[in-house]
Every structure is written in structure tokens, then in C-alpha cells.
Asks: 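Quick one: structure below, then a few questions.
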Amino acid sequence: MNKFQSILFIIGGIMMVIGAGAFCFGFILPSLLKVACWIYLIGSLPFAIFQAMQELPVNNLVVRRLKRIQLMADIFFVLAGISMVDTAYGFFRDLFANYETYLTYFYNKWVLLLLIAAVLELYTIHRIEHEERKEEKQIAKKD
């Protein structure tokens with residue numbers, strides 16, 4: 001990534017943290033709820049896009065698999081943002097047969113999506129770093 005993309009990537013990550021944190025505390029201040037969900041969603045888009053565009057110098061099967069898992073985590077980050085916006089505004093409420101079904105299967109499920117995305121992200125970051133170090137050690141042994 002170039003410098004501009006790296007800056008947008010970092011700003012997107014910071015916006016995600018601020019948006020998710022503010023949304024959690026938004027139930028205390030309902031007006032904060034409607035702003036925080038958009039901050040998170042807008043931040044998750046550049047974060048996911050630039051992370052998906054990021055290419056790693058190591059080209060082995062394990063790293064490619066980890067990058068696909070990371071792409072899945074990026075999708076879950078964006079879906080969590082969409083679900084967060086729906087929790088604040090109720091856009092998808094009319095798509096369900098009744099309100100109870102909506103509450104059971106969709107309302108406030110952003111927490112689960114965010115948790116899955118965060119666990120996948122943490123796993124892939126550490127495993128990719130481990131694979132890169134392993135690759136560097138193999139190159140150093142050959143020299």
C-alpha cells in the first residue's frame with residue numbers, strides 16, 4: 001500500500017473502534033447511537049477495502065489461505081456495520097414477517113458479527129506474521 005492508502009486504512013480502523021465503542025455507550029445517550037453506527041460503517045469500508053488489496057511478499061499456500069480468512073473477517077466487519085445501522089434505524093424491520101422474528105434473528109446481531117470478525121482478524125494477523133518470520137528464517141538458512 002502507498003502512504004495515502006495506509007493513512008486511510010489506519011483512519012478506518014480508528015473510526016471502527018470509536019464507532020463501536022460509542023455505539024455500545026449510545027444506549028445511555030440515544031442521540032449518540034445514530035451517529036456512532038455511521039462512524040463505524042464508514043470506517044469499516046476503507047479498512048476492509050485496503051486490507052483486501054494488501055499484498056504480502058510471502059507467496060505460499062498457508063498465507064493465501066489466511067488472506068482468504070482475513071477477507072471473510074473484512075466482510076463480517078462491514079456486515080456488522082450494516083447491522084449496527086439497522087439496530088439504530090430499523091431499516092430491515094419490514095423485511096420480516098413479524099416484529100418478533102426480526103428481533104430474534106436480526107436485531108442487535110452486530111455484536112456477534114463483530115466478535116467473529118475480531119477473532120478471525122486476530123488469528124490471521126498473528127498467523128501471517130508467524131509464517132513471514134518462518135519464511136525469513138528459511139531464506140536466511142539458504143544464504
Side-chain angles (χ1 to χ4, degrees), residues 1-140:
M1 288 192 293
N2 63 31
K3 192 171 184 172
F4 179 70
Q5 290 172 337
S6 296
I7 291 170
L8 284 179
F9 175 75
I10 292 169
I11 289 172
I14 291 169
M15 287 175 69
M16 287 171 63
V17 170
I18 291 170
F23 195 81
C24 288
F25 294 112
F27 292 103
I28 299 167
L29 300 169
S31 61
L32 182 64
L33 198 69
K34 297 194 183 249
V35 174
C37 62
W38 289 108
I39 292 171
Y40 177 86
L41 182 60
I42 291 169
S44 70
L45 292 173
F47 181 85
I49 290 168
F50 291 126
Q51 184 167 320
M53 288 174 37
Q54 185 180 22
E55 292 186 23
L56 298 173
V58 179
N59 191 17
N60 65 21
L61 187 63
V62 175
V63 173
R64 284 192 306 216
R65 177 185 57 87
L66 290 168
K67 282 299 288 180
R68 282 193 300 264
I69 293 171
Q70 204 171 47
L71 179 63
M72 207 165 64
D74 292 335
I75 291 168
F76 281 150
F77 279 133
V78 174
L79 288 176
I82 292 169
S83 180
M84 202 180 282
V85 169
D86 180 69
T87 299
Y89 291 93
F91 291 136
F92 299 125
R93 189 176 300 151
D94 296 334
L95 299 176
F96 292 86
N98 57 25
Y99 189 65
E100 183 179 325
T101 307
Y102 169 74
L103 288 176
T104 303
Y105 295 112
F106 197 74
Y107 181 77
N108 225 11
K109 299 301 186 240
W110 65 271
V111 178
L112 181 63
L113 292 168
L114 186 59
L115 178 65
I116 292 169
V119 168
L120 289 175
E121 187 74 23
L122 286 173
Y123 171 72
T124 56
I125 285 172
H126 291 293
R127 287 288 297 143
I128 288 172
E129 183 180 328
H130 174 73
E131 289 297 322
E132 285 178 342
R133 277 190 271 130
K134 191 165 81 171
E135 186 80 22
E136 288 173 2
K137 286 180 184 177
Q138 288 177 353
I139 292 171

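The first residue in the sequence is number 1, and the count goes up from there.
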Asks: Within the supplied structure, the quantity of interest is the number of heavy atoms (other residues, nucleotides, ligands) at a distance under 6.0 Å from Lys34 NZ; does it exceed 12?
Replies: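 Check passes, neighbour count above 12.
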Asks: Would you give the length of the straight line joining atom CG of Leu95 to atom OG1 of Thr101, rounded to the nearest 0.5 angstrom?
Replies: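 Going from the CG atom of Leu95 to the OG1 atom of Thr101 covers 12.5 Å.
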Asks: Would you please say whether a donor-acceptor pair under 3.5 Å links the side chains of Glu121 and Gln51?
Replies: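 Checked: Glu121/Gln51 side chains pair up, N/O donor to acceptor below 3.5 Å.
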Asks: How would you list, by chain and number, every residue that makes a salt bridge (charged side-chain N to carboxylate O under 4.0 Å, His left out) with Arg133, sequence neighbours excluded?
Replies: Glu129
Asks: Do Val63 and Glu132 touch side chain to side chain, with heavy atoms closer than 4.5 Å?
Replies: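 A side-chain contact under 4.5 Å is absent here.
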Asks: So, do Lys67 and Glu55 sit near enough that their side-chain heavy atoms are less than 4.5 Å apart?
Replies: no
Asks: What closest approach, in Å, do Gly12 and Pro46 show between heavy atoms, and which atom pair accounts for it?
Replies: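 Scanning both residues completely, I find the closest heavy atoms to be CA-CG, 4.2 Å.
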Asks: Distance check, rounded to the nearest 0.5 Å: Met84 atom CE versus Ile39 atom CD1?
Replies: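 Taking CE in Met84 and CD1 in Ile39, the distance rounds to 10.5 Å.
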Asks: Mind checking whether Tyr99 and Tyr107 have side chains closer than 4.5 Å, heavy atoms only?
Replies: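 Contact flag for Tyr99/Tyr107 side chains = no.
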Asks: I'd like to know if the side chain of Ser83 pairs up with that of Asp86 as donor and acceptor (distance under 3.5 Å, no hydrogens or angles considered).
Replies: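 Asp86 and Ser83 do not have a side-chain donor-acceptor pair below 3.5 Å.
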Asks: About how many Å separate NZ of Lys109 and CG of Leu115, when rounded to the nearest 0.5 Å?
Replies: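 Interatomic distance, Leu115 CG to Lys109 NZ, rounded to 0.5 Å: 13.5 Å.
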Asks: Please give me the minimum heavy-atom distance between Leu66 and Thr124, naming the atom from each residue.
Replies: O-CG2, 3.5 Å
Asks: Going from CG on Leu8 to CE on Met15, what distance comes out if it is rounded to the nearest 0.5 angstrom?
Replies: 10.5 Å
Asks: Can you tell me how far CD1 of Ile7 sits from CG of Asn2, rounded to the nearest 0.5 angstrom?
Replies: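 Asn2 CG to Ile7 CD1: 9.0 Å, rounded to 0.5 Å.
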Asks: Considering all heavy atoms of both residues, which atom of Asn108 and which atom of Thr87 are nearest to each other, and what is their separation?
Replies: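 Of all heavy-atom pairs spanning Asn108 and Thr87, the closest is N-OG1, 3.3 Å.
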Asks: Do Val62 and Arg127 have side-chain heavy atoms sitting under 4.5 Å apart?
Replies: yes
Asks: Among all residues two or more places apart in sequence or in another chain, which pass the side chain to side chain donor-acceptor pair (under 3.5 Å) test with Ser6?
Replies: none
Asks: With side chains defined as the heavy atoms from C-beta onward, is the minimum distance between Lys134 and Lys137 less than 4.5 Å?
Replies: no
Asks: Over all heavy atoms of both residues, which pair between Phe23 and Ala88 is shortest? Give the atoms and the distance, please.
Replies: CE1-CB, 4.1 Å
Asks: Rounded to the nearest 0.5 Å, what's the gap from CG on Leu113 to CD1 on Ile75? Could you check?
Replies: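 If we round to the nearest 0.5 Å, Leu113:CG and Ile75:CD1 are 12.0 Å apart.
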Asks: Determine the minimum heavy-atom distance between Asp74 and Ala52, stating which atoms define it.
Replies: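 Asp74 and Ala52 have their closest heavy atoms at OD2-N, 3.9 Å.
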Asks: Where do Leu32 and Ala22 come nearest, in terms of heavy atoms and distance?
Replies: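 Heavy-atom minimum between the residues: CD2-O, 3.6 Å.
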Asks: Ile82 and side-chain contact (heavy atoms from CB on, under 4.5 Å): which partner among Trp110, Phe92, Tyr40, Phe91?
Replies: Phe92
Asks: Report yes if the side chains of Leu61 and Arg64 come closer than 4.5 Å at any heavy-atom pair, otherwise no.
Replies: yes
Asks: For the pair Phe77 and Phe47, name the ring-plane relationship: parallel under 30°, tilted 30 to 60°, perpendicular over 60°.
Replies: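 Plane angle over 60°, so perpendicular.
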